[in-house]
Amino acid sequence: MQVLSVAVAGASGYAGGEILRLLIGHPEVTIGAVTAASSAGDPLGRHHPNLTPLAERVLQATSSETLAGHDVVFLALPHGASAALARQLPDDVTIIDCGADFRLTDPAAWQEFYGSEHAGSWAYGLPELMVEAGKKQRAQLTGATHIAVPGCYPTASSLALAPAFAAGLATGDVVIVAASGTSGAGKSLKPHLLAAEAMGSMSPYGVGGSHRHTPEIEQNLSRANGDSVAVSFTPTLAPMPRGILATCSARVAPGTTTAQARTVYAEAYDAEPFVHVLPEGVWPTTGAVLGSNNVQVQVTVDERVGRLIVVAAIDNLTKGTGGGAVQCLNLSCGFDEQLGLPTTGVAP
């Protein structure tokens with residue numbers, strides 16, 4: 001099997017660093033250019049001292065000339081930056097975008113939440129997602145050459161609720177409250193992310209339906225449902241470096257029991273190597289998935305109020321970004337889907 005050359009744009013940030021961490025252990029790739037914007041010229045080790053094998057690599061300026069010539073290019077760039085760069089790359093380069101530019105299919109939703117021209121949509125990079133007619137998104141990723149990796153919150157929230165909508169258990173009135181580690185806000189210096197501000201304190205943000213991941217979650221659940229789904233989504237910032245715990249609820253079909261819901265989720269995920277429905281009574285924790293590509297899921301029915309409750313935990317930088325991107329690489333290139341991806345967490 002031919003070893004592929006890969007480049008990572010935005011390598012100085014958390015997402016780029018996580019992609020590189022996983023690619024170092026991937027047996028079918030060789031790491032080529034690593035690029036950045038304001039950090040160009042720095043050794044990679046200044047930004048990611050954990051990436052010892054690549055510490056002496058010098059970050060190059062992000063340009064189409066630097067990235068062209070590789071088999072695969074990962075884009076770990078701010079929203080709005082990927083589309084222009086992708087247009088400049090040759091057609092024979094496989095592009096895996098970790099930004100938001102190509103996730104949404106509805107131009108109006110993009111305009112409302114991002115306020116710029118819609119660049120189009122690529123194959124959506126969440127293989128385990130239940131979509132139309134009870135199928136999964138995986139089929140759309142095999143051999144795909146342009147892939148949009150999901151946002152971290154949509155990864156956890158969509159995997160939590162899509163099986164219920166696909167099976168007709170969930171009937172709407174979706175409320176999601178999700179806590180994320182501070183790495184989800186990126187590496188740029190922000191006063192509210194200083195240790196003195198964030199440690200020992202939780203805070204909400206993007207309240208009132210303004211978070212940009214809202215239309216992406218709605219898009220995914222609508223596909224599973226076969227009809228439009230509206231979502232009330234509230235993200236919160238938790239005093240931890242990484243991880244997402246998403247508590248998701250929806251109105252449930254009358255008469256649905258916890259046992260029936262668990263059967264639906266077992267059928268949806270028992271064959272999935274990274275999604276684990278926990279034993280009854282055991283609830284997901286972010287610590288259990290730290291550093292892994294795993295998703296922990298638990299489901300129950302609050303019969304008193306007629307609501308389905310699903311809790312999901314992921315590492316926002318692994319399954320929520322870098323791991324999801326490498327999983328898409330594997331499907332795109334015909335590798336074993338699990339290649340290079342950790343299924344054991346780091347503890348304590």
Side-chain angles (χ1 to χ4, degrees), residues 96-98 100-110 118 120-174 176 178 212-231 233 246 248 250-253 261 263-277 293-295 297 299 308 310 312 314 319-321 323-332 334 337-338:
I96 300 176
D97 182 25
C98 294
D101 290 25
F102 300 101
R103 294 172 185 163
L104 298 182
T105 59
D106 182 0
W110 174 269
H118 186 234
S121 59
W122 289 355
Y124 189 73
L126 189 53
E128 304 93 344
L129 179 67
M130 302 290 296
V131 292
E132 299 84 356
K135 298 179 180 178
K136 289 188 176 177
Q137 181 64 12
R138 180 174 285 107
Q140 303 301 315
L141 297 170
T142 303
T145 59
H146 291 77
I147 297 174
V149 178
C152 52
Y153 283 125
T155 295
S157 303
S158 301
L159 293 179
L161 287 176
F165 275 103
L169 294 186
T171 61
D173 191 18
V174 177
I176 298 170
R212 286 170 167 163
H213 285 175
T214 301
E216 189 180 342
I217 299 170
E218 291 180 336
Q219 174 177 283
N220 293 345
L221 298 183
S222 297
R223 289 185 65 190
N225 188 46
D227 197 5
S228 179
V229 174
V231 172
F233 171 54
C248 312
R251 190 170 58 249
V252 73
T263 296
V264 165
Y265 277 74
E267 290 175 353
Y269 291 138
D270 272 1
E272 293 293 346
F274 299 118
V275 185
H276 306 283
V277 180
N293 203 53
N294 290 341
V295 185
V297 176
V299 57
L308 181 81
V310 191
I314 65 169
K319 179 58 173 171
T321 310
V326 172
Q327 192 175 348
C328 289
L329 164 76
N330 290 337
L331 287 166
S332 170
E337 190 173 336
Q338 301 181 60

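Because only heavy atoms are used, hydrogens play no part in the values below, and waters and symmetry mates are left out as well, while side chains stay in. Just so you know, residue 1 is the first one in the sequence shown, and it goes up from there.
A pairwise comparison of heavy atoms in V231 and T214 identifies O-CG2, 3.9 Å as the closest pair. For A261 against L308, the heavy-atom pair with the smallest separation is CB-CD1, 4.0 Å. What you find for A123 and L141 is that their closest heavy atoms are CB-CD2, 3.9 Å. Of all heavy-atom pairs between S121 and L104, the closest is CB-O, 3.5 Å. Among all heavy-atom pairs drawn from V310 and A160, the shortest one is CG1-O, 3.2 Å. In this structure, V131 and Q137 approach most closely via the heavy-atom pair CG1-OE1, 3.8 Å.
Side-chain atoms of H213 and C152, non-hydrogen and from C-beta on, do get closer than 4.5 Å to each other. Taking the side chain as every heavy atom from C-beta outward, I314 and L159 never approach each other to under 4.5 Å. Put simply, the side chain of W122 does not reach to within 4.5 Å of the side chain of D101, judged on heavy atoms.
Residues passing the salt bridge (Lys or Arg N to Asp or Glu O under 4.0 Å) test with E272 are K136, R138, sequence neighbours excluded. Residues that satisfy the side-chain contact (heavy atoms from CB on, under 4.5 Å) test with A162, not counting sequence neighbours, are L129, M130, L221, A224. Partners of R223 under the salt bridge (Lys or Arg N to Asp or Glu O under 4.0 Å) rule, at least two apart in sequence or in another chain, are E132. Applying the side-chain contact (heavy atoms from CB on, under 4.5 Å) criterion to T142, with sequence neighbours excluded, gives L331. Residues forming a side-chain hydrogen bond (donor to acceptor under 3.5 Å, both in side chains) with E128 (at least two apart in sequence, or on another chain): K319, Q327. Residues passing the side-chain contact (heavy atoms from CB on, under 4.5 Å) test with V277, sequence neighbours excluded: R262, Y265, Y269. The side-chain contact (heavy atoms from CB on, under 4.5 Å) check on N330 picks up H26, V326, F335, L339, L341, with sequence neighbours excluded.
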Please tabulate, one pair per line, all N/O donor-acceptor pairs under 3.5 Å involving side-chain atoms of residues 144-151, not counting sequence neighbours.
none

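Here ring-ring contact (aromatic ring centres under 6.0 Å, His included) pairs that include residues 123-142, with residues two or more places apart or in two chains, number zero. Residue pairs meeting the side chain to side chain donor-acceptor pair (under 3.5 Å) criterion with at least one partner in residues 150-170, sequence neighbours excluded, are Y153-Y205, S158-N220. Residue pairs meeting the salt bridge (Lys or Arg N to Asp or Glu O under 4.0 Å) criterion with at least one member in residues 151-163, sequence neighbours excluded, do not occur. Listed by first and then second residue, the side chain to side chain donor-acceptor pair (under 3.5 Å) pairs involving residues 162-173 are T171-R251, D173-R307 (not counting sequence neighbours).
With values rounded to the nearest 0.5 angstrom, D106 atom CG is found 10.5 Å from S222 atom OG. The distance from atom CD1 of I96 to atom SG of C328, rounded to the nearest 0.5 Å, is 6.0 Å. One finds the CH2 atom of W110 at 10.0 Å from the CD atom of E216 (value rounded to the nearest 0.5 Å).
Put simply, the side chain of R103 gets close to the backbone of C98: a donor and an acceptor are under 3.5 Å apart.
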